[in-house]
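Take a look at the structure below.
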Amino acid sequence: MASITLAELADKLGAELHGDGSVQISAIAGMDKAGEGEITFLSSSKYRKHLADCQASAVMVKEADLSYCTGNALVLKDPYLGYALTAQLLDTTPACAVDIAPSAYVSPTAKLGNGVAVGHNAVVEDGVELGDNVQVGAGCFVGKDTKLGANTRLWANVTVYHNVVIGESCLVQSGTVIGSDGFGYANDKGRWVKIPQVGRVVIGDRVEIGACTTIDRGAIEDTVIADGVIIDNQCQIAHNVSIGENTAIAGATTMAGSLKIGKHCIIGGATVINGHMEITDGVTITGMAMVMRPITEPGMYSSGIPLQTNREWRKTAARVLKIEDMHKRLKVVEKQLEDSE
């Protein structure tokens, strides 16, 4: 959409319009840089003092901040959500692919819905099913008997192995690999013996996966990503992991095998999570945490040492090395106190 009137935008957002509804909005910008034809938003009242100098054609605000506006405004309960929805309406991102490129290979046994597009040098193998309006970007590989639901998009150079199921309206960014072998081996007197990974990856609807993320197929059972999950760039999700609905996973997170994560969890970036255990619904884990035990209660969890100057960190590290000795000495003191009583 090239532009939209403020009145039309208010209607689509369910917002209360204050000002000239005929104003044309063609872009979103930050409050300090927005100008004519652009809309901005105020999600925190602590920045309301900047509204007086804002040059945007309109501002999305909460009711409490409306009196500080000097121009056109849309009143919403959540201006940040309004920003997200407006960005969708004004999105100019091109399609991952248009039509079937001459250089693409699509197997004669593949089933294609209406409006399917396959980019240059992409490969769609035997038995694949692509739903209506699926877009397969340039250089992608879609393996045998894989199914992609309607309106799902793969950006360039995504690899989806065989027997993978991806639901409707999913988005997979470039370089991601879905369905690669899990890290499964037996040890025969020091020699590693590979265990074929015969499970699948099953992904629900409205799942978004960032660039260069890897999701391994199950060893026997499936790796399962539920509806509405969002996964950032460069994450590793091992075999037989299960992730519940609407969980968000930030970049560089690593998950070991057979881990079960509940619904509506938030996992901070660079977190490492042990396998063969469960994390309940509604858990938030802050960035760079190391999760070695199950989490059975909702809430926020953290680990790791916050940044210090090198001088402070060296002192902290030296003290950590003495913890065992300090513990033993403390036990002696406690025993002496007990005896004296």
Side-chain angles (χ1 to χ4, degrees), residues 107 109-111 122-131 134 136-137 139-149 152-168 170-187 192-245 247 249 251-262 267 272-279:
S107 168
T109 66
K111 298 179 181 178
V123 174
V124 177
E125 289 211 321
D126 296 346
V128 168
E129 296 182 19
L130 304 180
V134 164
V136 178
C140 287
F141 173 86
V142 183
K144 291 181 179 180
D145 300 320
T146 280
K147 299 179 181 179
L148 306 185
T152 283
R153 294 173 290 160
L154 309 182
W155 274 101
N157 300 313
V158 169
T159 297
V160 184
Y161 279 55
H162 53 283
N163 294 315
V164 170
V165 178
I166 300 179
E168 297 184 357
C170 293
L171 176 62
V172 184
Q173 301 288 351
S174 292
T176 282
V177 177
I178 300 174
S180 49
D181 280 356
F183 197 58
Y185 298 86
N187 192 282
W192 293 109
V193 179
K194 183 174 180 61
I195 300 171
Q197 306 289 285
V198 297
R200 303 176 299 169
V201 175
V202 178
I203 296 175
D205 299 334
R206 305 179 314 282
V207 172
E208 298 201 7
I209 303 170
C212 297
T213 279
T214 303
I215 302 176
D216 291 339
R217 67 192 315 107
I220 299 175
E221 305 298 331
D222 297 332
T223 299
V224 179
I225 314 295
D227 295 348
V229 170
I230 54 174
I231 303 171
D232 199 0
N233 302 334
Q234 297 178 336
C235 294
Q236 159 63 19
I237 299 173
H239 57 189
N240 300 107
V241 167
S242 174
I243 302 174
E245 295 175 4
T247 282
I249 301 162
T253 291
T254 297
M255 299 180 182
S258 299
L259 168 70
K260 183 176 181 181
I261 295 180
I267 313 298
V272 177
I273 308 179
N274 200 9
H276 298 276
M277 65 181 195
E278 186 169 345
I279 294 174

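Along the sequence shown, the residues carry numbers beginning at 1.
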Given side chains that start at C-beta, do those of V165 and V201 come closer than 4.5 Å, heavy atoms only? no
Of all heavy-atom pairs between G137 and A122, which one has the smallest distance, and what is that distance? O-CB, 3.6 Å
Less than 4.5 Å apart, any side-chain heavy atom of I215 and any of V164? no
What I'd like to find out is whether the side chain of L171 reaches to under 4.5 Å of the side chain of W155, using heavy atoms alone. yes
Closer than 3.5 angstrom, by distance alone: can the side chain of T213 be matched with the main-chain N or O of C235 as a donor-acceptor pair? yes
Show, in sequence, the C-alpha distance, side-chain angles and deciding distance for T214 and S180, and conclude whether the side-chain contact (heavy atoms from CB on, under 4.5 Å) test is met. CA-CA 8 Å; T214 303; S180 49; 3.4 Å; yes
Nearest non-hydrogen partners of T146 and Y161, listed with the distance: OG1-O, 2.6 Å
From CG (D145) to CD (E125), nearest 0.5 Å: 9.5 Å
With sequence neighbours left out, what residues match K111 under side-chain contact (heavy atoms from CB on, under 4.5 Å)? E129
Just verifying a value: how many Å separate I279 CD1 and T247 OG1, rounded to the nearest 0.5 Å? 9.5 Å
Got V172 and I178 here, is their nearest side-chain heavy-atom distance under 4.5 Å? yes
A238 and A256: which non-hydrogen atoms are nearest, and at how many Å? CB-C, 3.6 Å
On a heavy-atom basis, which atom in C170 and which in G167 lie closest, and how many Å separate them? SG-O, 3.8 Å
Side chains of V128 and K147, heavy atoms from C-beta outward: is any pair under 4.5 Å? no
Just list the side-chain donor-acceptor pairs under 3.5 Å for residues 219-231, sequence neighbours left out, or say none.
from	atom 1	to	atom 2	distance (Å)
D222	OD1	R200	N	2.9
D222	OD1	R200	NE	3.4
D222	OD2	R200	NE	3.3
D222	OD2	R200	NH2	2.9
T223	OG1	D216	O	2.7
T223	OG1	G218	N	3.4
T223	OG1	N240	N	2.8
D227	OD1	D205	N	2.8

Measure the CD-CZ distance between Q173 and R153 for me, rounded to the nearest 0.5 Å. 8.5 Å
Between the OG1 atom in T152 and the CD atom in E168, the distance rounded to the nearest 0.5 Å is 7.5 Å
Within a strict 4.5 Å, meaning less than it, do heavy atoms of the M255 and I249 side chains meet? yes
So, taking the atom named CD1 in I273 and the one named OG1 in T254, what distance separates them when rounded to the nearest 0.5 Å? 9.0 Å
So how far is it from W192 CH2 to N187 CG, rounded to the nearest 0.5 Å? 4.5 Å
When you look at I209 and I203, which way does the side-chain contact (heavy atoms from CB on, under 4.5 Å) test go after all the steps? CA-CA 10 Å; I209 303 170; I203 296 175; 3.9 Å; yes
Just by modelled atom types, is the G127 backbone N or O under 3.5 Å from a matching donor or acceptor in the S107 side chain? no
The criterion is side-chain hydrogen bond (donor to acceptor under 3.5 Å, both in side chains); which residues satisfy it with Q197, sequence neighbours excluded? H239
I want to check something: taking the side chain as every heavy atom from C-beta on, are F141 and N157 in contact at a cut-off of under 4.5 Å? no
Under a 3.5 Å distance rule, please check whether N233 uses its side chain to pair with a backbone N or O of G251 as donor and acceptor. no
For H162, check side-chain contact (heavy atoms from CB on, under 4.5 Å) against everything at least two apart and list the hits. K144, R217
Count the heavy atoms of every other residue, nucleotide or ligand shown that sit under 6.0 Å from OH of Y185, and state whether that count exceeds 12. yes
Can you find a pair of side-chain heavy atoms, one from V142 and one from T159, that are under 4.5 Å apart? no
How would you list, by chain and number, every residue that makes a salt bridge (Lys or Arg N to Asp or Glu O under 4.0 Å) with D181, sequence neighbours excluded? K194
